[in-house]
Amino acid sequence: LLARSDAGVLQPRRLPTDLTVLAAAAAARAAAFAATRAVRVVVAPGEGRTVAAVDPTLLGRALDNLVDNAVRASPAGGVVEVQVRGDA
């Protein structure tokens, strides 16, 4: 993915996307892995407008990586909180 981006081949599709929905999906995908580490992943209520023109697939991958990294870095019994905040 990074190689395609660096080569200028990657063509993002910018679509109006609710970022809260993307964040909740990333949290849901991480839940099973988090459970094996005794970590909870929760989605906190957001603030403001959370719709933006983004490539939902690419941003979803980035969110998956961020949440996965947070779960890996959390101690047993920890909580990873995912929250989207936008313009009020």
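The first residue in the sequence is number 1, and the count goes up from there. Both backbone and side-chain heavy atoms feed into the values below; hydrogens, waters and symmetry mates do not.
Of all heavy-atom pairs spanning A34 and V71, the tightest one is CA-CG1, 3.7 Å. A26 and L63 make their closest contact through CB-CB, 3.9 Å (heavy atoms, listed as atom of the first residue, atom of the second, distance). Here the closest non-hydrogen pair linking L58 and P12 is CD1-CB, 4.1 Å. The two residues R72 and R37 have their closest heavy-atom pair at O-NH2, 3.0 Å.
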*Please step through side chain to side chain contact (heavy atoms under 4.5 Å, CB included) for the pair V80 and V42, ending with a clear verdict.*
CA-CA 6 Å; V80 172; V42 299; over 6 Å; no

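Under the 4.5 Å side-chain heavy-atom criterion for Ile, Leu, Val, Met, Phe, Trp and Tyr, V21 and V84 are members of distinct hydrophobic clusters. Taken together through direct or relayed side-chain contacts under 4.5 Å among Ile, Leu, Val, Met, Phe, Trp and Tyr, V82 and V39 form part of one hydrophobic cluster.
With R49 contributing its side chain and V51 its backbone, the two residues share a donor-acceptor pair below 3.5 Å. Judged purely by atom type and a 3.5 angstrom limit, D55 uses its side chain to pair as donor or acceptor with the backbone of R13. Judged purely by atom type and a 3.5 angstrom limit, E81 has no side-chain atom pairing as donor or acceptor with the backbone of V43.
The side chain to side chain donor-acceptor pair (under 3.5 Å) analysis of residues 16-32, with sequence neighbours excluded, yields the pairs D18-T50, T20-T50, R29-D64.
Within the 4.5 Å cutoff, the side chain of V79 has no heavy atoms near those of the S74 side chain.
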